[in-house]
Asker: 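Pasting a structure below so you can have a look.
Numbered from 1 within each chain, the chains take letters A, B, ... in sequence-line order. Note that these values count all heavy atoms, side chains included, but never hydrogens, waters or copies made by symmetry.
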Amino acid sequence: MDVSILVGGQAGDGIKQAGVIIAKIFNEIGYHVFIYDDYQSLVKGGHNFSIVRVSDEKVHSHNDHVDLLVAFNQDTIEKHKWRTKETIYDSDKVKTDGTGIPAQSWAKGKGSALLRNSIFIGAICKYTGVDLKIAESIIKNSFHKLLDENMEALKFGYDSVEKKHDFKKIGEPREVMTGNEAISLGAAAAGMKLYIAYPMTPASSILHYLAKYGEKLGVVTVQEENEIAVANMAVGSCFAGVRTMVGTSGGGFALMTETVSLCAQSETPVLFVVSQRAGPSTGVPTYTMQADLKFVLNAGHGDVTRVVIAPGDAEESYLLTGKTMNLAWKYQIPGFVLVDKHISESTFSAELGEVKPEEPKLWDGKGEYGRYKLTEDGISPMAFPGDVYTCKGSSYEHDEKGLTVEEETDMINKMQEKRLRKMEVLREELKGEETVKVYGNPDSKVTLLTWGSTKGACIEAAKELGLKVVQLLYLEPMPMWELEKHLKGRVIAVEVNATGQLADILGIKEKILKYDGRPFTPEELKKKLEEIL
Amino acid sequence: MDVSILVGGQAGDGIKQAGVIIAKIFNEIGYHVFIYDDYQSLVKGGHNFSIVRVSDEKVHSHNDHVDLLVAFNQDTIEKHKWRTKETIYDSDKVKTDGTGIPAQSWAKGKGSALLRNSIFIGAICKYTGVDLKIAESIIKNSFHKLLDENMEALKFGYDSVEKKHDFKKIGEPREVMTGNEAISLGAAAAGMKLYIAYPMTPASSILHYLAKYGEKLGVVTVQEENEIAVANMAVGSCFAGVRTMVGTSGGGFALMTETVSLCAQSETPVLFVVSQRAGPSTGVPTYTMQADLKFVLNAGHGDVTRVVIAPGDAEESYLLTGKTMNLAWKYQIPGFVLVDKHISESTFSAELGEVKPEEPKLWDGKGEYGRYKLTEDGISPMAFPGDVYTCKGSSYEHDEKGLTVEEETDMINKMQEKRLRKMEVLREELKGEETVKVYGNPDSKVTLLTWGSTKGACIEAAKELGLKVVQLLYLEPMPMWELEKHLKGRVIAVEVNATGQLADILGIKEKILKYDGRPFTPEELKKKLEEIL
Amino acid sequence: MNLETGVKNTWCPRCGHFSILAAAKAVIQELIEKGERPEDFAIASGIGCHAKIVDYINVNSFYSIHGRVPPTISGMKIANPDLTVIGFAGDGDGYGEGVAHIVFAAKRNIDITMIIHNNRIYGLTTGQFSPTTPQGQKTKSTPYGNPEYQLNPIKLMLGSGATFVARTSSFDLNHMKEMIRQGIAHKGFAVIDVVEPCISFFNATDYIRKNAYVMENHDSSDINKAWERAGEWNYTLEGKIPIGIFYKEDKPTFDELLLKGKNLRKS
Amino acid sequence: MNLETGVKNTWCPRCGHFSILAAAKAVIQELIEKGERPEDFAIASGIGCHAKIVDYINVNSFYSIHGRVPPTISGMKIANPDLTVIGFAGDGDGYGEGVAHIVFAAKRNIDITMIIHNNRIYGLTTGQFSPTTPQGQKTKSTPYGNPEYQLNPIKLMLGSGATFVARTSSFDLNHMKEMIRQGIAHKGFAVIDVVEPCISFFNATDYIRKNAYVMENHDSSDINKAWERAGEWNYTLEGKIPIGIFYKEDKPTFDELLLKGKNLRKS
Ligand SMILES: Cc1ncc(C[n+]2csc(CCOP(=O)(O)OP(=O)(O)O)c2C)c(N)n1
Ligand SMILES: Cc1ncc(C[n+]2csc(CCOP(=O)(O)OP(=O)(O)O)c2C)c(N)n1
Ligand code: SF4
Ligand code: SF4
Ligand SMILES: [Mg+2]
Ligand SMILES: [Mg+2]
């Protein structure tokens, strides 16, 4: 069972919310869901749509073809008619075939055009054969205004269409969340107490989510005057012993790069979330791209140590954000969660794994405390202001106490080597971890290499074509030990950028790229693969 | 003939200037010169020294051993006695063997301790057998205060020592300049009219030089409130049609990276000079390193187009800065001159090549002007405010007129491809240019790979050991077509950073690194090579 | 002279930015009719809803990045002082991300005009608090109330040494036009703070409409009086909003002092 | 309590930074003697000659990057409000590169103390003009005279909403100590502008020595009077330099409003 429903209208129609409620309805009866949201850089008008995919198997992507189109306006028909077999539409505003409902006039009569959402949701319930009670209880938990009217609207919609399918409960509900929500929860589970940001699509919803639910999660949020302040405030709070995450997109991240280098030198474990969007520069700001990879891997002047991971769905976002937080603190290096709009703002079914804060190496209280003690593994025991009074962090090259060194070349060498030594130890640790995942046909002569948001499309296209898929989870340290094992035969890199950045780093010649801001669908990728296989 | 003189004292003693005058004296009689300056992040006190190397052959580096030590204080003896055979020192302040001159007491008697400089310069003239008149005329051109006293001091110094060598005039003088001066002159020759900066060692002296001599060169200088303002002001002035350069070091450059991406998207040819110093972060700020390579090559979010060159001495700094300016404007991409402290602040003999401004593709005045016309080579004809009124630049993805595009995926693709197409054309053009240089024994089985400031040490060490040297001038586009020709057999990358950044990019396994902030000397490099060869 | 670009306007209905667009276009049109060359206009914007304005006026323009309008147009002015450069910024853009630049443009007295679309919210990013959002206000990033005190940009600009500081309201088209006209005419740095509503995320329409009033008998040459008047309204949702020129002073501009008569573009 | 680190001081003889170091150390010592835990001090500096001060005081410290002291110490304060955080910045560092942050720290009224070593020049980078270098001054980057008007940081800080704004002189140790003492005691954002000479690149020793005088009969609770007094001296090399507290106001701090009694470090 695999059904897709597209809801389309204008910005301001509440399309996104409608999509989420539809997904939650099917989640309630045990289905896996995925939502792709498409919108532009405007607040009212334009054209927004959400594609809700419902399946009895795991899904992490949407398809080009949809089974049902729900049209709030004529534009939706013009743009999406080709995708669909069946249509439900607002007959007050749209001319087309299918099932029309006079939604606008009914909703206006009840006082708010936004009631159209509930009408269409009711209609979808009937159409798919889902019990209306499920929609009612979800809407009660989501809307706080015009509750009675919304209930009436559901009913009106329900009664306006014919039943076509018969979706039955097949299991228990899972969590339904966006990538950004999963990142927020994963960080909180790993001990984050402070989230600092300056708003920037597609990272903003982390700020919104944590501002709203922070109290419950034990997380305080601060919005700063700009991204430079964000990163440096995080340095201050980490230095004072509080796990801190910051979030932004490429342009904002650019402003943090001086501080990335500071984190490396001062050994301050700030956790950076970089959610990519279509660039360069402002580019196509509400659409997706994976073109900040090289920038993030190489950001900061000097030989910068870092850990960078790239989750490919909500479950990985949760687990790996937690992991990165713990690694950043253990190794006292900046950590990076590299995602893109297609993960941050897409909605997934998720069963969350276990994440908890792991204690870093702490000072034993003996002797005088020095922040940068030279140790075998390069990791100096931590202590914080409030506990000691000789904790001295520094952006300068320094001695074990954190005091400036300029002439002593010997100490300069030792500190450079100490920082690199930590990375060696980290690399060894990761050899025991899952740093890549392998899917599909293990005997295939062709391997698709994916990272981040292309995961869903790759797995599905590979399944249909009988190929193998290798997903890279860690980007720094680059798990060459695993890649060498799995990247054999013909390797095709699949990336959503114009130059094939990962392929370039790994020296992979064959690649399938997309750079119009839209993610791959499995169908599209399959077609492109068929052309070259 | 190859002689090295080390002058050492405190910050504030005028050591650096003394070094320059000594170099100019030998330049006057036809010798090649090179000066290495060593100082810390302080203004008075500490320990400064300059090593002036004088040779009848081209030199781009200093050696560990010096022939003559000139000690302004005891510290200089303690730190450098090991390097030298002979010493001239201030007997009022220093206890050692060699030739003492009561410089401090004499100078104070004449009213300024700074006169010690002229005393020692006079002494060096006698010692090396150079006519004192040469020193006199150089000092007259350099000092504007206490001229008579300086002349007396020269004489006093001259009379205080014995003649040991007999340097004769062997040719005509050349230019003597630092890398930063060469960059300044090269940019001006290529049409730069505006230089914008925020002070940062080791780039600051470009600002000082152009502020002082800008009037003559037709260049205006502006110091902005921070590096972000610098980069964006340059975007504004380039957009208005004025060739503009900016200069900074790694930490300041980090703040410009958002604007690098803007330059790529808006096709604005800002020329960036990045002069590296020892990092990460503040690091060892007055010392050298080549660890911003990967950062500069990958700076900016999105698929950024750029041209990056790395000169290895003053002559190359002049020529290649001019070249980069012209290429940046021709291809409407950001240009980068990547140097480090060891080039920026070292002094070289130079015979400057020819640089002149090359006209980019200009609009023919026909039809309505659109800033981003789609053309075969990806290059859109330029026009500027003042000439037209429909010149619209943009950070957003845009159509041919520069108006925002979000929904038209076709235009998004076309513009991404147009920008990449320019790089293809540039790559083709560079195939006809000198993008790498080869020195030494062409038949050697061992090749040293150098870029930037390791050039001098590599060439000399290779000469002694009979090796081949390949110097990479262009880093983006990376001239693989040349490297594939020349990097055969055993290749050893020589870099002044902790991770071997170029080696890593090119997949070269063998490398000799140094990361204490000090440059390689030929002797040191030779020793390291001997250990592994 | 046709200043239309034909681009579809995507602001929300009744957004304050419409009036600013109308006023700016009218003044540019006026100046062109009086003989200024259309080629000599160059405008720029940052990023935000306001910033789309450059797509809606058919003169030379640069759609810059968030917060960077002042250095961008300063660069244009230094390159070619014959240009009339006008910058459009949002309250987030101009007083938040880019506040350093507006402080320094004011300090230097460079001959540019900055028009700030001050709807006191981040519009384009869907409603987080901005530097001028009143304390206590519930926004997307402060659902339980903004913990920050709001900035009074008139005071900030006076404190930065600006030589032309004005406030106007998006509901008073004629006053807006007059302020823009005078701001452009002012030789030196001019900042015009336009108080306006964001319909979708901070709709202070009624409050602004009701409370904006034109200052009378104000001596705009007196910096101390300017400061006192600036204290009359503190960017809350209470009290009257004086509009007009708070302060104006004539002194040599940065571009004059720097360029001493040169035009780099034409040299 | 020994506040010495044993690090060799590398400032030029008679640099104003020495006196600031002496004053700051004395006040910290005093507070520790009065019972504050030494562990609860956390200081930070940016980059510049001034910034070396963290190497010379043996308490918890962070030697940050150029211009970023306010967010760094704000982060410390938010992480652990039991800390007494003090930031040291230069005029270039605090009013130039990092001006956005000091404006916002003032606006928010976060409980931190900023001590600005205002020698009106970039010392460490060997003498370029800074935001407070008087117009016309010859510097390394303006050998023919600075074309920019100098900033009056007292006015800028008042315009930003700071609740404690003071000026002192590096030649008046007792006054400096008193200002630092009061600045630290002030609950909220405190900025202390210390006027001092850079011996090597802008030696205004005689001028400052001769002209600094302690304000009397000044009502520091009146924001308008504060502004007027701030206008008395405009950071030139002429006229008397009033020192003392220009303005002081008590209102809830950002950290209080944000944290509502929580301590993240201890939670
Ligand atoms: C460096 C950077 N940070 C963040 C953003 C995201 N961003 C775009 S517009 C905006 C705020 C817009 O608010 P304002 O300037 O007040 O304009 P308005 O939309 O209200 O007109 C932000 C934070 C960005 N584009 N660039
Ligand atoms: C991002 C960045 N830009 C530039 C510099 C170079 N820099 C170091 S200190 C300094 C100015 C110092 O002046 P100030 O803050 O007044 O301190 P002072 O030396 O006068 O005490 C500059 C520009 C830097 N370290 N980082
Ligand atoms: S969101 Fe606000 S600022 Fe943006 S267009 Fe709508 S009303 Fe205007
Ligand atoms: S250069 Fe100036 S600020 Fe720096 S130590 Fe010397 S006197 Fe002090
Ligand atoms: Mg706004
Ligand atoms: Mg200073």
Side-chain angles (χ1 to χ4, degrees), chain A residues 10-14 16 39-48 75 144 195-216 220-230 247-255 277 279-286 345, chain C residues 7-15 17 45-49 51-52 54-55 62-68 90-101 103 119 121-133 138-148 151 198-202:
Chain A
Q10 289 197 335
D13 281 345
K16 187 172 170 163
Y39 64 99
Q40 299 92 50
S41 208
L42 50 80
V43 172
K44 294 265 160 67
H47 175 65
N48 286 14
D75 217 21
H144 302 290
Y195 180 72
I196 314 174
Y198 185 83
M200 189 162 196
T201 309
S204 304
S205 54
I206 302 177
L207 177 61
H208 304 162
Y209 182 79
L210 288 171
K212 196 153 171 199
Y213 301 107
E215 188 74 48
K216 218 176 61 189
V220 164
T221 55
V222 176
Q223 177 183 314
E224 279 273 87
E225 62 270 21
N226 59 34
E227 289 85 354
I228 300 176
V230 167
T248 184
S249 188
F253 176 66
L255 297 168
R277 60 193 214 186
S281 201
T282 311
V284 203
T286 63
E345 298 193 343
Chain C
V7 171
K8 181 158 180 251
N9 191 310
T10 57
W11 287 325
C12 309
R14 296 183 313 285
C15 171
H17 301 338
S45 67
I47 299 294
C49 290
K52 299 181 179 181
V54 296
D55 270 1
F62 197 84
Y63 205 150
S64 179
I65 50 177
H66 192 46
R68 314 304 169 198
D91 46 326
D93 189 270
Y95 302 142
E97 178 77 72
V99 71
H101 311 307
V103 165
N119 53 14
I121 199 82
Y122 288 179
L124 190 65
T125 46
T126 71
Q128 302 82 6
F129 78 93
S130 91
T132 50
T133 305
K138 290 183 179 163
T139 74
K140 270 265 183 65
S141 54
T142 55
Y144 309 109
N146 176 15
E148 290 203 18
L151 197 71
C198 165
I199 301 304
S200 294
F201 301 110
F202 190 30

Asker: Output yes when a side-chain donor or acceptor of A/Gln223 lies under 3.5 Å from a complementary backbone atom of C/Gln128, and no otherwise.
Answerer: no

Asker: How many angstroms lie between NE2 in A/His208 and OG1 in C/Thr126, if you round to the nearest 0.5 Å?
Answerer: 4.5 Å

Asker: What residue, out of A/Thr221, A/Leu207, A/Thr282, has the most heavy-atom pairs lying under 4.5 Å from chain C?
Answerer: A/Thr282

Asker: Under 4.5 Å, counting heavy-atom pairs only, tell me which of C/Pro131, C/Gly67, C/Ser200 racks up the most with chain A.
Answerer: C/Ser200

Asker: Nearest 0.5 angstrom please: C/Trp11 CH2 to A/Lys44 NZ, how far?
Answerer: 15.5 Å

Asker: Nearest heavy-atom pair of A/Ala211 and C/Ser141: which atoms, and what distance?
Answerer: CB-O, 3.4 Å

Asker: Select one option (side chain, backbone, both, neither) describing which atoms of C/Tyr95 are under 4.5 Å from chain A's heavy atoms.
Answerer: neither

Asker: So which part of A/Glu215 gets closer than 4.5 Å to some heavy atom of chain C, the side chain, the backbone, both or neither?
Answerer: neither

Asker: Need one label for C/Ser64: side chain, backbone, both or neither, based on atoms under 4.5 Å from any heavy atom in chain A.
Answerer: backbone

Asker: Which atoms form the tightest heavy-atom contact between C/Leu124 and A/Ser41, and what is the distance?
Answerer: CD1-O, 3.4 Å

Asker: Let me confirm one number: the CD-CG distance from C/Glu97 to A/Leu255, rounded to the nearest 0.5 Å.
Answerer: 5.5 Å

Asker: Where on A/Ile228 is there a heavy atom nearer than 4.5 Å to chain C: the side chain, the backbone, both, or neither?
Answerer: neither

Asker: Identify the two heavy atoms, one from C/Gly123 and one from A/Val43, that lie closest to each other, and give their separation to 0.1 Å.
Answerer: O-CG2, 3.9 Å

Asker: Would you say C/Thr10 and A/Gln40 make side-chain contact, with heavy atoms under 4.5 Å?
Answerer: no

Asker: On a heavy-atom basis, which atom in A/Tyr198 and which in C/His66 lie closest, and how many Å separate them?
Answerer: OH-NE2, 2.7 Å

Asker: Please look at C/Tyr63 and chain A and tell me whether the side chain, the backbone, both or neither of the residue comes under 4.5 angstrom of a heavy atom of that chain.
Answerer: neither

